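Notes to accompany the following structure.
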Amino acid sequence: MTSPTSTYIKMRRLLRQGFFRPQVLTFLPALLLGGYWFGGEGVILLAALLFPVLALMGGLFEGDHLRCRRDGTTDLLLRNDFLDLLAEAIPRAEARNWSTACFVIEIDDWGEISKRIGTTASETILRRTGERIESAMRGADFCGRLEGPRYVVGLDPVRRVDLNTAVGVAERLQSVTGEAIAVDQTSVHVSVSIGFCLNSRAPKRTADGLMEAAETAAEEARSNGPSAVRAYSGEMQAAIAARHELTDDLLAAFSEGQIRPYFQPQISTDTGRITGFEALARWLHPERGLIPPGDFLPTVEEAGLMERLGEVMFYHSCSALRAWDRANLDVPTVGINFSAVELRNPKLADKVKWEIDRFDLPPERITIEVLESVVAETDDDTICRNIAALATLGCPIDLDDFGTGHASISSIRRFAVSRLKIDRSFVMRVHEDREQQKLVSAILLMAEQLDLDTLAEGVESIGEHAMLSQLGCGHIQGFGLARPMPFEDTLSWIEKHNAKIVESPMLKGFSRK
């Protein structure tokens, strides 16, 4: 049975979103004039009586009380109003043996995005994303805004919703939110991770219980993102609680060798050959399995163990290079990320030289990856000296996440950068979006003029790969090529990849010089 209060809330919401929008009110005088033209004075009289009634029902005169119940940026429901409608939907669904569901949607990498584009543009992204989420749902469904870059969607009861149907809804939401958003004469692409829960699978059959389950699934999706989708399961809450208790296990993890690099390949867009691997930290916990870096790296930083992590990564990366050499597999270089904490160590260059001499490796096989944000924001003389010393030693310098940190051309020159790693946000849907293509082309042109190599990160599709190759990007890496893998798996992957490479056929009468 629908309660009068929830019916009123739903009706008020529909009136405000469907009738009392600025776009509709703008054309109201024209509509009244047209009504008078075709219907005479009676239409004007009816509108004069009906409009105030609808305005009262829609809550147009509730002032501050109403505004505090809706989000000022997106005009979506706030948490409590959303929960009111969800509380009404659950018993209505169960009374008819129908289904409802709750979806929590979070924009990936929001901290980096908002830092890059600024406050005003960030509000535009939040507003447009909310509009797109709402446009993807049925008219009876309801949408809300949670804290930060998070949204929530509730399904009005339907006859049957199973996991496959819910995944389809999530994929539709990802599709509409992934389209380019025009901001300040350019376009921005975002991706979202989504967690959801069906009312039949919620631990508690209440609005709070259903939303909390969806939020738990969203946290799990975010930790496995970007663009991940997760359905709630009973095991998730325990897994999340376990992630919050990792600090005590860190020292044992380092001493027992649980934290090691996983290697993600990089290939030439010209030849298809492997040009290197990037070493990415992973924690293989004996009880919890593989822990994503987003779950443990903040803990490592808080515990003051970033330098220890750097030492582990460097040692195993050098060991991997020697092992590939012994297996007669051509891997020119390994990229190792250096944090700001490591770069502040005055002895860093000496440590690096000692390690590469210890493994009898030429320095050009160790690529030093430095975040663009570190280069753009640093005024630390030690960081500057260390990067310069490593470049002088012969180590190539990659500027990671290029496009997110506002590094100047003078900074690129000052730090002797040899390659720009184009951030994933510029690579997303580059084969479909002309604005993305223009941005990437501008970066590539600048790199060419500065005699810098280029690598695109986060390549996930054949279309993106093909477009980047066409635009002239030198190298790519991403899930579309291969996910990060333990060293043992790289041996077979390299052999399989090399076996797929076929030399381009020579035209008759043509010879390469």
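Throughout, numbering of the chain's residues begins at 1 and tracks the sequence. Small disclaimer: the values here were computed from a predicted structure and weren't measured.
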Worksheet item: Without hydrogens or angle criteria, can the side chains of Thr120 and Glu123 be said to hold a donor-acceptor pair below 3.5 Å?
Response: no
Fill in: Expected output: side-chain Thr74 to main-chain Asp71 donor-acceptor under 3.5 Å
no
Worksheet item: Short question: side chain of Ser175, backbone of Arg172 - any donor-acceptor pair under 3.5 Å?
Response: no
Discussion item. Salt bridge check, Asp75 against Arg145: does any charged N sit closer than 4.0 Å to a carboxylate O?
Written reply: no
Discussion item. Show me the pairs that pass salt bridge (charged side-chain N to carboxylate O under 4.0 Å, His left out) and involve residues 221-233, at least two apart or across chains.
Written reply: Glu106-Arg222
Discussion item. Quick check: closest heavy atoms across Thr454 and Gly472, and the distance to 0.1 Å?
Written reply: OG1-O, 4.3 Å
Discussion item. Tyr232: which residues meet the ring pair (Phe, Tyr, Trp, His ring centres under 6.0 Å) condition with it, sequence neighbours left out?
Written reply: none
Fill in: Pairs touching residues 195-211 that satisfy side-chain hydrogen bond (donor to acceptor under 3.5 Å, both in side chains), sequence neighbours left out
Glu94-Arg205
Worksheet entry | Check: Thr177 side chain, Leu173 main-chain N or O, donor-acceptor pair, under 3.5 Å | yes
Worksheet item: Can you tell me how far the CG atom of Leu399 sits from the CG atom of Leu371, to the nearest 0.5 Å?
Response: 8.5 Å
Practice prompt. Please answer whether the main-chain N or O of Arg138 pairs with a side-chain N or O of Asp141 as donor and acceptor at a distance below 3.5 Å.
Written response: yes
Item to complete: State, yes or no, whether a side-chain contact exists between Ser122 and Trp110 at a heavy-atom distance under 4.5 Å.
Response: yes
Worksheet item: Which pair of non-hydrogen atoms, one from Leu309 and one from Ala281, has the smallest distance, and what is that distance?
Response: CD1-CB, 4.1 Å
Worksheet item: Tell me, do Arg424 and Val459 make a side-chain contact under 4.5 Å, heavy atoms counted?
Response: no
Practice prompt. Name all residues meeting the ring pair (Phe, Tyr, Trp, His ring centres under 6.0 Å) criterion together with Phe263; count only those two or more places apart in sequence or in a different chain, and write none if there are none.
Written response: Trp324
Discussion item. Using modelled atom types and a 3.5 Å cut-off, is there a donor and acceptor pairing between side-chain atoms of Ser187 and backbone atoms of Ala180?
Written reply: no
Discussion item. I need the Arg128 CZ to Ser135 OG distance, nearest 0.5 Å.
Written reply: 9.5 Å
Worksheet entry | Donor-acceptor pair, side chain of Glu464 and main chain of Glu460, under 3.5 angstrom | yes
Worksheet item: Do Tyr262 side-chain atoms and Arg483 backbone N/O form a donor-acceptor pair below 3.5 Å?
Response: no
Worksheet item: Can you find a pair of side-chain heavy atoms, one from Ile117 and one from Ile113, that are under 4.5 Å apart?
Response: yes
Fill in: Enclosure of Ile462 CD1 (heavy-atom neighbours >12, cutoff 6.0 Å)
no
Worksheet item: Is Val152 close to Leu76 at the side-chain level, that is, under 4.5 Å between some pair of heavy atoms?
Response: no
Worksheet item: Under 4.5 Å between any side-chain heavy atoms of Leu77 and Phe142, yes or no?
Response: yes
Fill in: Heavy atoms of other groups near Glu179 CD, more than 12 under 6.0 Å
yes
Worksheet item: Could you go step by step and tell me if Leu343 and Val370 meet the side chain to side chain contact (heavy atoms under 4.5 Å, CB included) rule?
Response: CA-CA 9 Å; Leu343 290 169; Val370 183; 3.9 Å; yes
Worksheet item: Side chains of Ser193 and Asp108: do they bring a donor and an acceptor to under 3.5 Å?
Response: yes
Discussion item. For a quick test of reading the model, state the closest non-hydrogen atom pair linking Ala87 to Pro91 and the distance between them.
Written reply: O-CD, 2.9 Å
Item to complete: To the nearest 0.5 angstrom, please state how far the CG atom of Leu86 sits from the CD atom of Glu88.
Response: 9.5 Å
Item to complete: Take Glu215 and Leu146, measure what side chain to side chain contact (heavy atoms under 4.5 Å, CB included) needs, and give me the verdict at the end.
Response: CA-CA 10 Å; Glu215 289 181 301; Leu146 302 178; 3.9 Å; yes
Worksheet entry | Donor-acceptor side-chain pairing of Gln264 and Gln477 below 3.5 angstrom | yes
Item to complete: Could you go through the side chain to side chain contact (heavy atoms under 4.5 Å, CB included) check for Asp398 and Ile368 one step at a time?
Response: CA-CA 6 Å; Asp398 275 6; Ile368 308 300; over 6 Å; no
Fill in: Student check: side-chain heavy atoms of Val169 and Phe103 closer than 4.5 Å
yes
Worksheet entry | Any donor-acceptor pair under 3.5 Å from Gln436 side chain to Met428 backbone | yes
Worksheet item: Could you state the interatomic distance from OG1 (Thr129) to CD1 (Ile181), rounded to the nearest 0.5 Å?
Response: 4.0 Å
Worksheet item: Between Arg419 and Gln266, what is the shortest heavy-atom contact and its length?
Response: NH2-OE1, 3.5 Å
Item to complete: Just do the salt bridge (Lys or Arg N to Asp or Glu O under 4.0 Å) check on Lys421 and Glu457 with the steps written out, would you?
Response: CA-CA 6 Å; Lys421 295 188 72 175; Glu457 300 179 283; 3.6 Å; yes
Worksheet item: Quick check: does any side chain N or O of Glu220 sit under 3.5 Å from a backbone N or O of Met236, one acting as donor and the other as acceptor?
Response: no
Worksheet item: Can you check whether Ile476 reaches Ile267 side chain to side chain, under 4.5 Å on heavy atoms?
Response: yes
Practice prompt. Check the pair Asp433, His189 against side chain to side chain contact (heavy atoms under 4.5 Å, CB included), reporting the backbone distance first and the verdict last.
Written response: CA-CA 10 Å; Asp433 189 329; His189 283 268; 2.5 Å; yes
Worksheet item: Distance from Glu171 atom CD to Ile194 atom CD1, nearest 0.5 Å?
Response: 9.0 Å
Discussion item. Looking at Glu131, is its backbone amide N or carbonyl O close enough to the side chain of Glu134 to form a donor-acceptor pair, meaning the two atoms are under 3.5 Å apart?
Written reply: no
Discussion item. Using every non-hydrogen atom in the two residues, find where Cys102 and Ala214 come nearest and quote the distance to one decimal.
Written reply: O-CB, 3.5 Å
Worksheet item: Under the 6.0 Å and 45° cation-pi test, does Arg79 pair with Phe82?
Response: no
Worksheet, complete the sentence: By salt bridge (Lys or Arg N to Asp or Glu O under 4.0 Å), Glu435 pairs with (sequence neighbours left out) Lys438
Worksheet item: With a 4.5 Å heavy-atom cut-off, do Val440 and Cys473 have their side chains touching?
Response: no
Item to complete: Name all residues meeting the salt bridge (Lys or Arg N to Asp or Glu O under 4.0 Å) criterion together with Arg160; count only those two or more places apart in sequence or in a different chain, and write none if there are none.
Response: Asp162
Worksheet item: Atom CG in Asp400, atom CG in Leu420: separation rounded to 0.5 Å?
Response: 11.0 Å
Response to the item:
Smallest heavy-atom separation, Val176 atom then Ala136 atom, equals CG2-CB, 3.8 Å
